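One structure below.
Keep in mind that this is a model prediction, so the values were computed, not measured. Letters A, B, ... are given to chains in the order of the sequence lines, protein chains preceding strands, and every chain is numbered from 1.
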Amino acid sequence: MRWTRNLIPTMKESPEGAEIPSHVLMLRAGLVNQVMAGAYTYLPLGLRSLRKAERIVREEMDAAGAVELLMPAITPLSLWEQTGRVEAFGDVLIQFTVRRQNRKVPMALGPTHEEVITDLVAHFISSYRQMPITLYQIQTKFRNEERPRFGVLRTSEFLMKDAYSFNTSVASLDESYDAMYRAYCRIFDRCGLTYLPVEAESGPIGGDASCEFMIPADNGEDTVAHCPDCGYAANLERAEIGTRDCAPPDVKLEAVKKVATPAAGSIAQVTAMLGCKAESMIKTLIYMADGQPIAVLLRGDREANEGKIRRAAGAERLELAEPDVIQRVTGAPVGFAGPVGMAEKIPLWADRDLLAMRNCVTGANEADMHVTGVNLGRDFNVPEDHFGDLRNATSGDPCPRCSSRLTLRHAIEVGHVFKLGTKYSEALSARFLDAEEQLHPIIMGCYGIGINRILAGLIETCHDASGIIWPVALAPYEVLLVPMKVTDEPTMKVADDLYARLRQAGIDVLMDDRDARAGVKFNDADLIGIPLRVVIGPRGLKEGKLEIKWRWESGAEMIDLETAVEQIADLIAEERAEATRFRARQAAEA
RNA sequence: CGGGGCGUGGCGCAGUCUGGCUAGCGCGCCUGCUUUGGGAGCAGGAAGUCGGAGGUUCAAAUCCUCUCGCCCCGACCA
């Protein structure tokens with residue numbers, strides 16, 4: 001492809017509104033253009049990278065034995081009603097009706113396709129002999145995001161690979177799941193991504209085992225807890241905290257004292273007013289567990305983890321209590337609850353941190369009052385089996401698997417594999433007959449990859465001050481030919497010849513045939529990040545040489561014109577296969 | 001949905017508080033000459049309903065009301 005025949009609108013300045021590197025660079029390099037909040041046009045360069053990511057995903061899915069099909073983006077609303085997901089998705093589901101003659105047909109744009117695929121399978125799979133099978137598609141998904149942001153990282157329309165496995169047993173599901181897990185590792189490896197498989201909540205979609213593939217990045221929306229020593233990694237919602245020595249400090253127990261704290265209902269207000277530390281406060285949260293109020297005690301500076309609390313309490317549903325419930329239960333408005341005397345009213349649960357606390361400050365269960373000098377065991381008690389890990393991990397917490405400590409990192413989620421079970425097969429009657437002529441619901445697994453996020457995640461973690469640094473696998477073009485002087489006939493003759501022969505050798509070549517100054521071309525070359533830059537100029541040609549330079553290296557190298565095509569083809573072939581040079585650069589960065 | 005910010009040629013911005021001549025600047029674009037290995041110089045030129053509607057005023061980019069859009073933080077979320 002010749003630059004002058006393409007549409008590559010590079011920009012020197014970054015449009016206002018773009019803040020994170022991947023967004024800025026995708027705009028500046030002319031990869032995408034925003035159409036509205038959460039919707040982007042992929043320009044020629046961006047589309048080529050997107051297609052390359054898509055192709056890698058497709059190849060590895062095929063290699064893992066999955067079978068491709070394509071489901072529609074428009075779906076009948078009735079399908080979503082059958083599984084109760086009209087309510088579950090809420091406004092995220094894009095619904096509309098179309099008029100057909102004298103009736104109205106309610107539809108939804110697919111935010112994911114469990115319903116459609118399960119309905120399909122219910123029609124065509126009825127025997128254990130037809131399984132296991134894994135079906136997948138690469139399709140545009142639609143989610144009315146409350147707040148689209150970060151360029152193509154969170155949009156209302158995005159390209160997703162979604163796969164679904166159908167199995168007759170849990171053991172078989174495990175095999176399908178493992179095959180997908182391994183395929184995901186190969187996909188992200190091939191894309192040159194540095195990623196982390198992390199334990200995750202399966203979320204409202206249901207299921208029991210779940211793993212997210214995360215790209216550690218400062219601008220990621222998710223938080224993962226990671227142990228650099230043993231490799232334990234989990235989504236913050238899921239991350240366990242190792243037990244540590246809970247021995248309380250050997251200090252003299254103070255007497256309980258009631259103090260006035262007018263209008264100070266938050267930890268921050270109380271610490272400011274009383275001059276105490278959040279670490280010495282007991283935060284008392286009133287939750288409704290399946291409709292029954294419970295009190296949860298946490299150290300003042302900790303965040304509650306509702307998933308952990310819900311599991312500890314053995315509840316199906318858990319939500320913070322409404323103000324009127326809190327008033328009734330504690331006898332005080334929101335912000336003044338405390339554990340003293342609470343056990344007589346409602347069940348108490350406590351985070352293990354409480355065991356190490358002495359002389360605490362906490363709510364007095366009375367408006368505008370707190371108490372100090374409160375001590376576990378003397379002033380209130382929590383049943384032994386009601387202590388547990390109920391909070392979010394923080395950096396420096398003990399690793400649950402080894403003796404090291406957890407670090408918290410932001411990350412971008414690019415993939416998710418999880419075991420679905422029979423939620424959808426039961427709702428949509430996808431059943432099979434086993435060898436004993438018994439009817440069972442099909443056991444499902446579900447596996448997604450955000451294709452757009454592969455690109456954004458790569459750019460987010462792989463760029464420098466000048467622009468994007470693509471690995472060969474995802475680069476829109478593998479080689480950029482830069483003739484230094486397009487008006488010079490000998491130069492252009494060599495350039496045209498190289499261009500034709502490299503293309504013949506099966507290499508994706510872009511030739512910057514613009515009549516522009518060297519600086520302009522070099523800067524754009526760095527910005528769009530093509531891995532191998534080949535400079536053809538009168539200066540080198542005099543010696544029968546060309547200059548080649550990898551985007552991620554600072555120095556260039558002169559090669560003989562005679563053997564240039566073979567040399568370049570060999571280099572690209574090597575990088576395609578192993579990405580050795582690209583990886584070495586990344587390792588050096590880290 | 002709560003809080004904050006921004007809408008002025010294709011892009012980035014100044015001007016708005018304190019209303020007043022023909023709405024400026026940089027980049028980009030077009031023409032010509034010179035230049036030519038890391039974002040060239042000179043000269044000339046095209047291009048703007050100042051997001052939209054209504055109002056106040058002799059006069060509105062500027063003040064008032066409403067409205068639309070975009071971005072950030074939070075809440076929410078496959």
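Applying the Watson-Crick and G-U wobble criteria (two distances, each under 3.5 Å), B:rG7 pairs with B:rC68. Across every strand in view, B:rC1 sits in a pair with B:rG74 that passes the Watson-Crick or G-U test at under 3.5 angstrom. Under the Watson-Crick or G-U wobble criterion, with both distances below 3.5 Å, B:rU62 has no partner in any strand shown. If you check B:rA40 for Watson-Crick or wobble pairing at under 3.5 angstrom, you find it paired to B:rU34. Nucleotide B:rU18 has no partner under the Watson-Crick or G-U criteria, as no pair reaches both atom distances under 3.5 Å. In this structure B:rG12 sits in a base pair with B:rC25, meeting the Watson-Crick or G-U test at under 3.5 Å.
Atom CD in A:Gln34 sits about 19 Å away from atom P in B:rC6, given to the nearest Å. Rounded to a whole Å, the CZ atom of A:Phe158 is 16 Å from the P atom of B:rC77. Atom-to-atom, CZ of A:Phe150 to P of B:rC77 comes out at 17 Å; the value is rounded to the nearest Å. When the P atom of B:rC70 is taken as reference, atom NE2 of A:His23 falls 12 Å away, rounded to whole Å. Computed from coordinates, the A:Lys12 NZ to B:rA40 C1' distance equals 11 Å when rounded to whole Å. Regarding A:Glu303, its CD atom lies at a distance of 9 Å from the P atom of B:rA75, rounded to whole Å. In this structure, the CD1 atom of A:Ile8 is 18 Å from the P atom of B:rG28, given to the nearest Å. Look at CZ on A:Arg533: it is 14 Å from P on B:rG37, rounded to the nearest Å.
B:rG69 and B:rG24 have their P atoms separated by 32 Å, given to the nearest Å. With both ends at atom C1', the span from B:rA40 to B:rU62 equals 39 Å, rounded to whole Å. The separation of B:rG48 from B:rG52, taken at their C1' atoms, amounts to 16 Å, rounded to a whole angstrom.
Ion pairing of A:Glu553 with A:Lys549 is absent here, as no side-chain N (NZ or NE/NH1/NH2) approaches a carboxylate O to less than 4.0 Å. Taking a cutoff of 4.0 Å between a charged side-chain nitrogen and a carboxylate oxygen, A:Glu114 and A:Arg85 qualify as a salt bridge.
Across all strands shown, A:Val92 has no heavy atoms under 4.0 Å from either base or sugar-phosphate atoms. Nucleic acid contact for A:Met36: sugar-phosphate only, since backbone atoms but no base atoms lie under 4.0 Å from a heavy atom of the residue. When heavy atoms are screened at a 4.0 angstrom cut-off, A:Val535 is found touching base atoms of the nucleic acid. Note on A:Thr487: nothing from the nucleic acid sits closer than 4.0 angstrom, heavy atoms only. If you check every strand for non-hydrogen atoms under 4.0 Å, A:Glu16 touches sugar and phosphate atoms only. Across all strands shown, A:Gly450 has no heavy atoms under 4.0 Å from either base or sugar-phosphate atoms. Base engagement by A:Glu212 is indicated by at least one non-hydrogen atom pair under 4.0 Å involving a base atom.
For the OP1/OP2 pair of B:rG37 and a distance below 4.0 Å, the side-chain nitrogens and oxygens of A:Arg539 include no atom meeting the criterion. One finds no side-chain N or O of A:Arg28 lying less than 4.0 angstrom from the OP1 or OP2 phosphate oxygen of B:rC11.
Residue whose closest nucleotide on RNA chain B sits further toward the 5' end, between A:Gly38 and A:Arg154: A:Gly38. Projected onto RNA chain B by closest heavy-atom contact, A:Ala518 and A:Met11 fall at different nucleotides, the more 5' of which corresponds to A:Met11.
For the residue pair A:Ala29 and A:Ile468, the shortest heavy atom distance occurs at CB-CD1, 3.8 Å.
More than 12 heavy-atom neighbours from other residues, nucleotides or ligands sit within 6.0 angstrom of CD on A:Gln95.
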After noting the C-alpha distance and the side-chain angles of A:Asp496 and A:Arg2, does the key distance pass the salt bridge (Lys or Arg N to Asp or Glu O under 4.0 Å) rule?
-> CA-CA 10 Å; A:Asp496 284 334; A:Arg2 289 165 196 273; 3.2 Å; yes
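Ring-centre distance between A:Phe166 and A:Tyr424: not below the 6.0 Å cut-off.
If you check the side chains of A:Asp162 and A:Gln137, you find a donor sitting under 3.5 Å from an acceptor.
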